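It should be emphasised that the depicted structure is a prediction, and the values quoted were computed from it without experimental measurement.
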Amino acid sequence: MSDRPSPSLLSRLWHTLFRIPRKAPAPANAAAGQATNAARPAEQDDDQDSYLSVLTELPGMRMPAWSPQADGQDSVLNPVADEAYRKRCAHHLYDRYAERIYPGMLPPMLYAIGVLELLLDEDGHIQDMNWMREPAQAQEVPPQIEALVQAAAPFPAPQHLRHGEVMVSYTETWLWDASGKFQLHTLSEGQQ
């Protein structure tokens, strides 16, 4: 039996760990605002219970120390840190495949564009890959990108994990030329 979690377990982990909370509409009056605020803690408790139950099912995962007092600002994603980490990962791939990087501006028509999400642990090791947008017209490209990503592992260790987080999502858009050279959207020089 494989130590890899089932897809449904990975899906549940993804939705509980990396979900960005929806912004609630502004209340029409003060009474409506109090009712909205009263409902939020119960929703957060449900999310936290789900989060903890999913982590206990993953082999080798450590349980985070969580308390209701620690929740709040720590549970919100830090977009500045995420952007900095995305650039570190892109530079890691560029350093590893310097000969495969398309020099200068990309042509107006690209052979393939794909969006690949990596789920990385606290040491930068790949836990899962998910194509958010797979280039259907160039079916030979996704396996090539996956091979490049696997060979480049481990990625830089994420330094912006918050209290209790054990994994981070790195999503990158691959801009693929017919020559087999590519650029990553994060570091792209643009198109002609």
Side-chain angles (χ1 to χ4, degrees), residues 2-5 7 10-11 13-15 17-20 55 58-62 64 74-192:
S2 172
D3 285 341
R4 187 172 179 173
L10 286 174
S11 175
L13 176 67
W14 166 253
H15 289 292
L17 287 178
F18 302 106
R19 179 177 30 192
I20 299 173
L55 282 182
L58 290 173
M61 286 294 163
R62 61 181 168 80
D74 286 347
S75 66
V76 177
L77 294 176
N78 182 346
V80 175
D82 290 345
E83 180 65 26
Y85 184 66
R86 188 170 32 257
K87 285 183 179 179
R88 284 180 53 218
C89 289
H91 280 294
H92 172 76
L93 288 164
Y94 269 45
D95 292 344
R96 175 72 190 243
Y97 300 112
E99 73 285 352
R100 299 279 311 262
I101 304 304
Y102 191 93
M105 294 182 76
L106 291 162
M109 294 298 292
L110 292 170
Y111 182 67
I113 298 173
V115 180
L116 180 64
E117 172 194 42
L118 301 178
L119 195 59
L120 304 171
D121 68 13
E122 58 194 2
D123 297 321
H125 295 282
I126 300 170
Q127 298 301 307
D128 195 24
M129 278 192 253
N130 176 40
W131 282 100
M132 297 178 79
R133 180 186 186 275
E134 190 170 352
Q137 79 288 0
Q139 295 198 0
E140 76 281 4
V141 173
Q144 291 178 40
I145 292 174
E146 290 173 8
L148 293 172
V149 167
Q150 289 285 1
F155 284 78
Q159 298 172 344
H160 65 285
L161 288 178
R162 303 250 189 235
H163 178 72
E165 290 179 325
V166 292
M167 286 189 266
V168 67
S169 171
Y170 163 53
T171 303
E172 187 62 75
T173 302
W174 291 71
L175 308 170
W176 197 269
D177 184 60
S179 66
K181 294 189 175 191
F182 65 89
Q183 286 185 10
L184 301 175
H185 182 264
T186 302
L187 301 176
S188 177
E189 297 182 35
Q191 285 181 274
Q192 299 170 4

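Distance alone, capped at 3.5 Å, is enough to place a donor-acceptor pair between the Gln191 side chain and the Pro107 backbone. At least one donor-acceptor pair under 3.5 Å links the side chain of Gln183 to the backbone N or O of Tyr102. Although no hydrogens or angles enter the test, the distance criterion places no donor-acceptor pair under 3.5 Å between the side chain of Gln192 and the main chain of Pro108. Panel note: side chain Glu117, backbone Met132; no donor-acceptor pair is recorded below 3.5 Å. A donor-acceptor distance shorter than 3.5 angstrom exists from the side chain of Asp121 to the backbone of Gly124, with no hydrogens or angles considered.
For the ring pair (Phe, Tyr, Trp, His ring centres under 6.0 Å) condition, the pairs that include at least one residue of residues 171-192, sequence neighbours left out, are Trp174-Phe182, Trp176-Phe182.
One distance of note links CD of Glu189 with CG of Leu187; it measures 9.5 Å at 0.5 Å rounding. Once rounded to the nearest 0.5 Å, the distance linking OG of Ser169 with CD of Gln127 reads 12.5 Å. Here the OG1 atom belonging to Thr173 is positioned 9.0 Å from the CZ atom belonging to Arg86, to the nearest 0.5 angstrom. Here Arg96 contributes atom CZ and Ile101 contributes atom CD1; the two are 12.5 Å apart, rounded to the nearest 0.5 Å. Here Ile126 contributes atom CD1 and Leu119 contributes atom CG; the two are 10.0 Å apart, rounded to the nearest 0.5 Å. In this structure, OH in Tyr85 is found 9.0 Å from NE2 in His92, a value given to the nearest 0.5 Å.
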Expected list for residues 138-158: side-chain donor-acceptor pairs under 3.5 angstrom, two or more places apart:
residue, atom, partner, partner atom, Å
Glu140, OE2, Tyr111, OH, 2.5
Gln144, NE2, Glu140, O, 3.2
Glu146, OE2, Trp131, NE1, 2.6

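Side-chain contact between Leu118 and Asp128: absent, with no pair of heavy atoms (C-beta onward) separated by less than 4.5 Å.
Looking at every heavy atom in both residues, Ser188 comes nearest to Tyr94 through N-OH, 4.3 Å.
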Just do the side-chain contact (heavy atoms from CB on, under 4.5 Å) check on Asn130 and Leu116 with the steps written out, would you?
CA-CA 6 Å; Asn130 176 40; Leu116 180 64; 5.9 Å; no

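Tested against Thr186, the residues Glu83, Arg88, Glu172, His91 include a single side-chain hydrogen bond (donor to acceptor under 3.5 Å, both in side chains) partner, Glu172.
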